[in-house]
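Take a look at the structure below.
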Amino acid sequence: MIKQILNKLPRKPSSKSSQSDGGKNESAFPSMNSSVSGANSNPKSNSSSGKGSNSSSSRSMNGTHTPIMKSNQVKKPNQAAYESLPSFRDVPTSEKHNLFIKKLNMCCVVFDFTDPSKNLKEKDIKRQTLLELVDYVSSVPSKFNEPTMQEITKMISTNLFRSLPTNHDSKLPDIYDPEDDEPNMEPSWPHLQIVYEFLLRFIASTETDAKIAKRYIDHSFVLKLLDLFDSEDQREREYLKTILHRIYGKFMVHRPFIRKAINNIFFQFIFETEKHNGIAEMLEILGSIINGFALPLKEEHKLFLMRALIPLHKPKCLSMYHQQLSYCVTQFVEKDFKLADIVIRGLVKYWPVTNSSKEVMFLSELEEVLESTQAAEFQKCMVPLFRQIGRCLNSSHFQVAERALFLWNNDHIRNLIIQNRKVILPIIFPALEKNTRPRGHWNQAVQSLTLNVRKIFSDIDQTLFDECLNRYQEDEVKQKENNQKRESTWMRMETVAASNGNESGFASSVGVSS
């Protein structure tokens, strides 16, 4: 009876059993804690994808936790695993495609080039691998299938699409000057250049089917490429210019979107920031595109000229892209001569007031536009145009006046002026006379060019010239009379003011004394 009662009492555990049980508990707790912390540390990632959360929890339960990497995240280099793969020459033809995919995945690793002494071996391995990929994509024996294109665009996106370092974000528009600021050269260019070459050859390859590739080189891909045009490295912008032009030529379905996206970049540059590094390159692409426009021009293209290209004359940094802009505008006028009136009036609207170097550029572009202008369109805009040219003739900056007078050296423009001399000469005659008077323009070259222009008009129509001269002399006499009247009026007002001041001063002194 007593033994039965003693057996029912709880026994004290032995030291061996307690140690073994404690060890089991201690080994079990960390795994539970790790799975909980993994679930609670990033609730957004777990809630966003059920598949991802299940895979992460299973890895935790197995005791080895590996972080999940999304497709758009950059892989970090693992020195132990980053070894060179066999060359394409060393494997049979049946294995080359698999090796191609492996090399693409290998090149998705992005290295840090801010430290030149870091990962030297791995960087060289990746560079050699990229060169092999360029050679392979140039001589691939069959069409690229869809999974392969997906891997190709994944590697390209991983290497190219990144945030750009800019030195003009913190500067005011008045301070920012891309000509004076030193550009930031891309430190990772040894790899980027080969990736750009790979992308260029992939797009140009006859084995790339545009119908399949458009699913991966899509609108998002194009927008990210356009964002890279703001790079300060001119080498990168040159590659981007060539690649985007090839995309525009190969993927016809993307053409309206590309034009609209470039249009939006121009709007932001003109009306908001006035800061962008790739305007010249994008205009160069557009120059080739405009050259291929079919006739008659669509209304969409005419609106692009009026709303984007003409307002691009407004920013202060016009000199960075004026040559390409002038070519685009001239292409429009050559395509449709009726656009000359719109272009010339647009130039007059945005004509600079205090920037002489911009005035010289405007005059050069004006000459190119006038060469393609017909008489009917010229007559529509000649009055406001030659009012502005008259102001340029009297500019104190000799290059502006000289460039304006050079317009008469162009045979086509001179013929247009002669045909409409009865309207034009009365407008510019005062400016011509002011340059040739004894105290006229200070520059001798401007004076001699002005005399040549006067001689052209006098030789062609002496009667009209004499009429303008008489009218100018009459206006001069009237102007002198008006100046004398104004001076006499001011003198009378000063006399009256002085007399009133004396009277008020006398009255105030009398009031104080009393």
Side-chain angles (χ1 to χ4, degrees), residues 226 229 241 244-245 248-249 252 254-271 276 278-315 317-352 358-386 388-389 403 407 410-413 415-416:
L226 286 170
F229 271 87
K241 177 185 68 177
L244 187 64
H245 191 262
Y248 187 91
M252 295 184 66
H254 291 337
R255 289 183 179 183
F257 178 80
I258 292 174
R259 292 196 302 267
K260 185 177 180 181
I262 294 177
N263 201 0
N264 292 335
I265 293 175
F266 287 165
F267 285 157
Q268 187 178 15
F269 170 71
I270 297 165
F271 301 109
H276 199 283
I279 301 297
E281 286 76 14
M282 283 187 277
L283 283 170
E284 197 167 339
I285 297 170
L286 285 170
S288 179
I289 293 172
I290 295 166
N291 193 23
F293 280 164
L295 295 176
L297 290 175
K298 296 180 180 179
E299 192 65 26
E300 168 199 350
H301 303 328
K302 295 179 183 179
L303 289 175
F304 173 70
L305 169 67
M306 291 184 285
R307 296 178 179 176
L309 292 184
I310 292 177
L312 272 173
H313 292 83
K314 176 186 173 184
C317 55
L318 174 66
S319 59
M320 300 295 294
Y321 56 84
H322 180 258
Q323 182 179 356
Q324 294 83 357
L325 176 61
S326 178
Y327 177 77
C328 290
V329 172
T330 308
Q331 285 289 309
F332 268 105
V333 178
E334 290 178 357
K335 288 277 182 181
D336 187 354
F337 65 89
K338 293 181 180 179
L339 294 173
D341 176 44
I342 296 173
V343 170
I344 292 172
R345 288 182 182 274
L347 289 174
V348 173
K349 176 182 177 182
Y350 291 104
W351 202 278
K358 278 185 70 174
E359 282 194 271
V360 174
M361 287 186 281
F362 271 55
L363 288 165
S364 300
E365 182 177 354
L366 178 64
E367 182 176 0
E368 294 180 6
V369 173
L370 287 174
E371 282 183 350
S372 304
T373 304
Q374 297 187 8
E377 303 303 318
F378 180 78
Q379 290 172 0
K380 294 178 183 178
C381 58
M382 61 183 177
V383 173
L385 172 62
F386 278 88
Q388 182 60 57
I389 290 176
R403 192 66 188 81
L407 293 174
N410 188 295
D411 294 337
H412 179 69
I413 298 173
N415 290 333
L416 290 174

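Throughout, numbering of the chain's residues begins at 1 and tracks the sequence.
- Contact annotation: the side chain of F362 never approaches that of V348 to less than 4.5 Å [non-hydrogen atoms, C-beta and beyond].
- Note that CD of E334 and CG of N291 are 8.5 Å apart. Values are rounded to the nearest 0.5 Å.
- E367 places a side-chain heavy atom less than 4.5 Å from the side chain of L407.
- Remark: side-chain polar atoms of S288 are not paired, donor with acceptor, to backbone N or O of E284 under 3.5 angstrom.
- The side-chain heavy atoms of L305 and L339, taken from C-beta on, include a pair separated by under 4.5 Å.
- Side-chain contact between I342 and I310 is present, with heavy atoms from C-beta onward closer than 4.5 Å.
- Interatomic distance, CZ of F304 versus CD1 of I290, reported as 6.0 Å (0.5 Å rounding).
- With a 4.5 Å cut-off on side-chain heavy atoms, L385 and L347 do not count as touching.
- At distances below 3.5 Å, not a single donor-acceptor pair connects side-chain atoms of R259 with backbone N or O atoms of H254.
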Decide side chain to side chain contact (heavy atoms under 4.5 Å, CB included) for E281 and L244; before the verdict, give the C-alpha distance in whole Å, the side-chain angles of both, and the deciding distance to 0.1 Å.
CA-CA 10 Å; E281 286 76 14; L244 187 64; over 6 Å; no

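- A 6.0 Å sphere centred on CD of Q323 holds no more than 12 heavy atoms belonging to other residues, nucleotides or ligands.
- Considering only residues two or more places apart in sequence or on other chains, F271 meets the ring pair (Phe, Tyr, Trp, His ring centres under 6.0 Å) condition with none of them.
- Contact record, A280 with Q324: O-CG, 3.6 Å, taken as the closest heavy-atom pair.
- Residues E359 and R403 are not paired through a salt bridge, judged by the lack of any N-O separation under 4.0 Å between the basic side chain and the carboxylate.
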Which is it for M320 and I279 under the side chain to side chain contact (heavy atoms under 4.5 Å, CB included) test, yes or no, and what are the steps along the way?
CA-CA 8 Å; M320 300 295 294; I279 301 297; over 6 Å; no

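- Atoms CG and CD, on L363 and Q388 in that order, are 8.5 Å from each other to the nearest 0.5 Å.
- When all heavy atoms of Q379 and M382 are compared, the closest pair comes out as O-CG, 3.7 Å.
- Contacts of E365 classified as salt bridge (charged side-chain N to carboxylate O under 4.0 Å, His left out), with partners at least two apart in sequence or in another chain: none.
- Here the side chains of I344 and L370 are in contact, with some heavy-atom distance below 4.5 Å.
- The distance from the CZ atom of F293 to the NZ atom of K335 is 8.5 Å, given to the nearest 0.5 Å.
- Inter-residue side-chain proximity for I285 and F229 is flagged as met; some heavy-atom pair is nearer than 4.5 Å.
- Contact of the F266 side chain with the L286 side chain is registered, since non-hydrogen atoms from C-beta on lie closer than 4.5 Å.
- With rounding to the nearest 0.5 angstrom, the CG atom of L312 is 5.0 Å from the OH atom of Y321.
- Note: I262 CD1 to M282 CE = 6.5 Å, rounded to the nearest 0.5 Å.
- Shortest non-hydrogen contact noted between V333 and S372 is CG1-CB, 3.8 Å.
- Defined by atom type and a distance below 3.5 Å, a donor-acceptor pair is present between the side-chain atoms of Y327 and Q331.
- In this structure a side-chain-to-backbone donor-acceptor pair under 3.5 Å is missing from K349 to P311.
- For R307, the CZ atom counts as loosely surrounded, since its 6.0 Å shell holds 12 or fewer non-hydrogen atoms of other residues, nucleotides or ligands.
- Around NZ of K338, the count of heavy atoms belonging to other residues, nucleotides or ligands within 6.0 Å does not exceed 12.
- When atom types are taken as modelled, the side chain of S326 and the backbone of H322 share no donor-acceptor pair closer than 3.5 angstrom.
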